[in-house]
Structure formats: C-alpha cells, structure tokens
Amino acid sequence: MRPPHSFQKAPEWAAGLQDLSGDSVFFKDSSGQIYLTYATFGRGGEEFLGAYRILDVMPKGRNENGPYHSLGDWVRPNNMYGQGGFVEPNGRYHLPECGCAVDRTHQAQ
C-alpha cells in the first residue's frame with residue numbers, strides 16, 4: 001500500500017518509500033477548531049531548508065548541475081560525505097555498490 005501524500009494516495013513512483021517530503025501548518029482556534037493554513041508537498045519546502053537561503057544568495061546559487069538538477073545531486077546523510085554512493089531524484093540515498101536494481105542502472109550511465 002502506498003503511503004498517503006498531500007492528503008491523497010501517493011504517486012506510483014513513491015510506492016517503496018516510507019516518507020515523502022511535505023510541510024503543513026495548522027491553527028487551532030479558541031473553540032478547538034483546527035484549520036490547515038499552509039501546505040506544500042514535493043516542491044515548495046525549500047524555504048524551510050536553512051541552507052538553501054544561504055546558497056540562494058551565493059554567486060553560483062545552489063549550483064545543482066548534476067544529473068537531477070536538484071538537492072539529490074549533492075546532499076548525503078551526515079556521515080556519508082566523501083564515501084561515494086548516490087541519491088535518486090526522490091531523495092533515496094544508496095550506499096556505494098549496494099547492488100540493487102537502481103544501483104545497477106546508475107552504474108550503467
């Protein structure tokens with residue numbers, strides 16, 4: 001079963017993911033009524049990534065010029081910088097030579 005995303009069934013490409021990015025802001029009034037006042041899924045969460053605010057004012061900006069032209073081109077888990085591996089466009093990190101089908105496809109490129 002695909003996880004819910006953006007208040008609906010997640011897209012097919014996300015079938016194997018446990019989490020997808022998204023940000024929601026809610027407001028609870030004095031009577032206890034709860035309102036969704038802001039939500040973004042997939043794109044639009046960059047404003048909550050403090051590093052992007054800094055990178056966006058640099059001469060080369062984000063410099064995301066890898067194969068996906070996105071965060072997936074350069075971000076790694078904290079302890080994996082300099083260790084190789086790659087990040088899929090959906091943000092899933094793969095250890096160097098993990099041997100999965102995605103890794104074999106990536107190595108063939």
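Source: prediction; values computed, not measured.
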**OP:** Determine the minimum heavy-atom distance between V25 and L36, stating which atoms define it.
**Re:**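 The answer is O-CD1, 3.5 Å.
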Original post:
Who pairs with I34 by side-chain contact (heavy atoms from CB on, under 4.5 Å), at least two apart in sequence or on another chain?
Top reply: F26, K28
Subject >> From D29 atom CG to Y35 atom OH, the distance as rounded to the nearest 0.5 Å >> reply: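 OH of Y35 is found 4.5 Å from CG of D29.
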**OP:** Taking side-chain hydrogen bond (donor to acceptor under 3.5 Å, both in side chains) as the test, write out the residues that go with S30, two or more places apart.
**Re:** none
